[in-house]
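What follows is a set of notes on a single structure, which appears directly below.
Side chains are part of it too, since the values below use all heavy atoms of this structure and drop only hydrogens, waters and symmetry mates. As the structure is a prediction and not an experimental result, all values here were calculated from the model. We name chains A, B, ... by the order of the sequence lines, and we start the count at 1 in each one.
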Amino acid sequence: RLRKWQRRIRVSNATERNLAFALSELDRMASALGLPRTVRETAAVVYRKAVDKNLIRGRSIEGVAAAALYAACRQCSVPRTLDEIGEVSRVSRKEIGRTYRFISRELSLKLMPTSPIDYVPRFCSGLNLKGEVQSRGVEILRQASEKELTSGRGPTGVAAAAIYIASILCGERRTQREVADVAGVTEVTIRNRYKELAEELDIEIIL
Amino acid sequence: MSDYNIKIENVVASTKLAEEFDLTKIEAEFEGAEYNKQKFPGLVYRVSDPKAAFLVFTSGKVVCTGAKNVDDVHTVIGNMAQKLNDIGIKTIENPEITVQNIVASADLQAVLNLNAIAIGLGLENIEYEPEQFPGLVYRIDDPKVVVLIFSSGKLVVTGGKSPENCEQGVEVVRQQLDSMGLL
DNA sequence: GCTTTAAAAAGTAAGAT
DNA sequence: ATCTTACTTTTGAAAGC
């Protein structure tokens, strides 16, 4: 009986220690990515649910923490790409994606694919673009979505192209290189997307 | 009318041609054969008769992949057995060949809204992460196949054991999308 | 889980020209 | 800027780490 009690204490200690480690990991990654407190708390909730459902078995704490943070960013509409999460995690992008799919399914998160619109605020601030440009970009994305120009395309690439166009239309031009860098895509992708958007949405780009 | 341009792109099959093989000998006799035990336990051998690739193991088991149809699988495996015999290696007479997987492509001839389809089929039944891959992944239980759905209306059906499975898979998708008014 | 094979879909990426 | 090559996803078997 005393043995059993001690065992419980050990398990409890291990569980608490692991949870503490996971939460510190979430905090460390969230800080590195400059994420607000609400996202960290959401990630903590997701992580705790995963623990309660024993989803950590056979998986690393760091992997589940990274996946929880990735999921939380999406739930809070301030998405980070798997590459961005991977940059502040010891776990590879592939493993984070795999773990995300698993907990997403097991916890029935039912998240819609990331919307390009959710990337606009972050990318625009990174380019020092005003709210007017953001609004323009969002409007372009709404029209793009209606004309089926976003299905199957990378959200960051489409968002980057919309911002590139918006910056020009608002007289605050940013180069493809600048936009590509903040969005984490190549200039070629921005070029391909913006050509398609300009053509299909009948937007005249002069310069 | 009932087509949708279904085309088989690849057939994977397995069989057993002998009780055991000396892969080192086969590698020496078959030009182009690759065998690096520490890299992979099987010997790799490509043929262009009907085009296909073989993975030959010491156990006598063989995997054939890359064939464009089921008949070609039987043809190339028969040719393979003959080549082994020519080299002085006896093989099992009528090997039991099992088709393990068939990959097919198809075209629904319609531009699709993958977000709408994701909701229509149910987020818990699909996987769609455009950040990672442009296709929506839909797993079907009835013919047990996996269908990759693209915004262009093109499809990839894989996991089927027969051409019928692939056709059924395409039909299931067509029907479900049609019933939801997404086609 | 990984290693190796083949193949399609469409997007994105990297290095070369 | 454009071309080529290549990687992302899915599937299945094989023997072994």
Side-chain angles (χ1 to χ4, degrees), chain A residues 58-60 81-83 92-95 97-98 101 150-158 160 176 180 183-193 195-196, chain B residues 5-17 20-21 23 34-47 51-69 72-73 76 97-108 112 114 126-140 144-161 165-166 169:
Chain A
R59 258 162 281 270
S60 70
T81 63
L82 283 175
D83 281 328
S92 70
R93 186 220 69 225
K94 189 164 187 174
E95 178 62 26
R98 183 184 307 158
R101 285 184 197 173
T150 61
S151 273
R153 281 92 171 178
T156 55
V158 189
Q176 294 182 358
V185 297
T186 64
E187 297 161 288
V188 178
T189 293
I190 293 199
R191 209 169 291 138
N192 290 335
R193 294 298 128 240
K195 282 179 181 173
E196 183 174 47
Chain B
N5 305 306
I6 298 179
K7 180 187 177 188
I8 292 178
E9 307 284 357
N10 180 28
V11 179
V12 180
S14 61
T15 186
K16 184 173 182 181
L17 289 180
E20 65 177 325
F21 277 137
L23 301 186
E34 304 166 26
Y35 180 46
N36 297 302
K37 190 173 184 178
Q38 38 274 119
K39 188 182 179 187
F40 186 67
L43 174 151
V44 179
Y45 185 58
R46 298 180 176 74
V47 298
K51 187 181 177 184
F54 288 95
L55 296 182
V56 186
F57 300 85
T58 58
S59 64
K61 292 187 177 181
V62 173
V63 170
C64 174
T65 183
K68 288 296 183 184
N69 61 66
D72 280 358
V73 169
V76 294
I97 299 172
T98 307
V99 172
Q100 304 286 176
N101 176 35
I102 293 180
V103 181
S105 60
D107 190 353
L108 259 26
L112 308 174
L114 299 185
I126 62 91
E127 280 177 24
Y128 174 45
E129 300 293 333
E131 176 197 317
Q132 176 104 135
F133 186 68
L136 182 154
V137 183
Y138 184 39
R139 292 188 164 73
I140 299 173
K144 187 179 177 302
V145 299
V146 174
V147 182
L148 303 184
I149 305 172
F150 298 83
S151 63
S152 64
K154 297 282 185 61
L155 309 174
V156 169
V157 187
T158 185
K161 300 289 188 189
N165 288 165
C166 298

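Set against C/dT3, C/dG1, C/dA10, the side chain of B/Pro41 has C/dT3 as its closest nucleotide. When each of D/dT8, C/dT5, D/dT10 is scored by its nearest atom to the side-chain atoms of A/Arg93, the top-ranked nucleotide is D/dT8. Taking only side-chain atoms of B/Glu9, from C-beta outward, the nucleotide of C/dA8, C/dT5, C/dA9 with the closest atom is C/dA8. The B/Lys68 side chain lies nearest to C/dA7 when the options are C/dA7, D/dT10, D/dA13. Nearest to the side-chain atoms of A/Val188 among the listed nucleotides D/dT2, D/dA15, C/dG11 stands D/dT2.
A donor-acceptor contact under 3.5 Å is not formed by the side chain of B/Thr158 with the base of D/dT10.
Regarding B/Phe133, its CZ atom lies at a distance of 18 Å from the P atom of D/dA6, rounded to whole Å. Rounding to whole angstrom units, NZ of residue B/Lys61 and C1' of D/dA15 are separated by 10 Å. To the nearest angstrom, P of C/dA10 lies 8 Å from CG of B/Asp107. A straight line from CG of B/Leu155 to C1' of D/dT10 spans 13 Å, rounded to a whole angstrom. Between B/Leu43 atom CG and C/dT3 atom P there is a gap of 20 Å when expressed in whole angstrom units. In this structure, A/Lys94 places its NZ atom 9 Å from C1' of C/dC2, rounding to the nearest Å. The separation between B/Asn10 atom CG and C/dA8 atom P is 9 Å, rounded to whole Å. One atom, NZ of B/Lys144, and another, C1' of D/dT10, lie 11 Å apart when rounded to the nearest Å.
For C/dA13, the OP1/OP2 oxygens have a side-chain nitrogen or oxygen of A/Thr189 closer than 4.0 Å. Phosphate contact (OP1/OP2 of C/dT3, side-chain N/O of B/Lys37, threshold under 4.0 Å): absent. Under 4.0 angstrom from either OP1 or OP2 of C/dT12 there lies no side-chain N or O belonging to A/Thr186. Dashed line: the shortest gap from a side-chain N or O of A/Arg153 to OP1 or OP2 of C/dT12 is not under 4.0 Å. Taking only side-chain nitrogens and oxygens, B/Gln132 never comes nearer than 4.0 Å to OP1 or OP2 of D/dT8. At the phosphate of C/dA9, neither OP1 nor OP2 sits under 4.0 Å from any side-chain N or O atom of B/Ser105. Phosphate proximity of C/dA10 to B/Lys154: present, with a side-chain N or O under 4.0 Å from OP1 or OP2. For A/Arg193 and C/dT12, the shortest distance from a side-chain N or O to OP1 or OP2 is below 4.0 Å. Phosphate contact (OP1/OP2 of C/dT12, side-chain N/O of A/Arg191, threshold under 4.0 Å): absent.
Counting non-hydrogen atoms under 4.0 angstrom, A/Arg98 reaches the backbone sugars and phosphates but no base. Contacts of B/Gly42 with the nucleic acid, taken as non-hydrogen atoms under 4.0 Å apart, are absent. Counting any heavy atom pair closer than 4.0 Å across all strands shown, B/Val103 reaches a base atom. Counting any heavy atom pair closer than 4.0 Å across all strands shown, B/Gly153 reaches no nucleic acid atom. Using a 4.0 Å heavy-atom cutoff across all strands shown, A/Lys195 reaches sugar-phosphate atoms only and no base atom. In this structure, B/Lys51 reaches the sugar-phosphate backbone alone: every heavy-atom distance under 4.0 Å involves primed, P, OP1 or OP2 atoms, never a base. Here B/Ser59 lies in heavy-atom contact (under 4.0 Å) with sugar-phosphate atoms only. Across all strands, A/Gly154 comes closer than 4.0 Å only to sugar-phosphate atoms, never to a base (heavy-atom distances). Here B/Thr98 lies out of heavy-atom contact (under 4.0 Å) with every strand. Counting any heavy atom pair closer than 4.0 Å across all strands shown, B/Val56 reaches no nucleic acid atom.
Remark: the backbone N or O of A/Gly152 is paired with a side-chain donor or acceptor of B/Tyr128 at under 3.5 angstrom. With A/Arg191 contributing its side chain and A/Thr189 its backbone, the two residues share no donor-acceptor pair below 3.5 Å. At least one donor-acceptor pair closer than 3.5 Å links the side chain of B/Asn10 to the backbone N or O of B/Gly66. At distances below 3.5 Å, at least one donor-acceptor pair connects side-chain atoms of B/Lys68 with backbone N or O atoms of B/Glu9.
B/Glu131 approaches A/Leu82 most closely through the heavy-atom pair OE2-N, 2.9 Å. Nearest heavy atom pair, residue B/Ala13 against residue B/Ile97, reads CB-CG2, 4.1 Å.
For the atom pair CG of B/Leu155 and CG of B/Leu108, the computed distance is 5.0 Å after rounding to the nearest 0.5 Å.
Side-chain contact of B/Gln100 with B/Ser14: a donor-acceptor pair under 3.5 Å is present, judged by distance alone.
Between B/Val156 and A/Gly184, the residue whose closest nucleotide on DNA chain C is further toward the 5' end is B/Val156. Between A/Asn192 and B/Arg46, the residue anchored closer to the 5' end of DNA chain C is B/Arg46, taking for each the nucleotide with the nearest heavy atom. Heavy-atom distances to DNA chain D give each of B/Phe150 and A/Gln176 a nearest nucleotide, and the one nearer the 5′ end belongs to A/Gln176.
Between A/Arg153 and A/Glu196 there is a salt bridge, since at least one side-chain N of the basic residue sits less than 4.0 Å from a carboxylate O of the acidic one. Ion pairing between a basic and an acidic side chain is recognised when a charged N comes within 4.0 Å of a carboxylate O; B/Glu127 and B/Arg139 show such pairing.
Secondary-structure stems of DNA chain C, taken as three or more successive Watson-Crick or G-U wobble pairs (i with j, i+1 with j-1) under a 3.5 Å distance threshold, comprise C:1-5 with D:13-17, C:7-17 with D:1-11.
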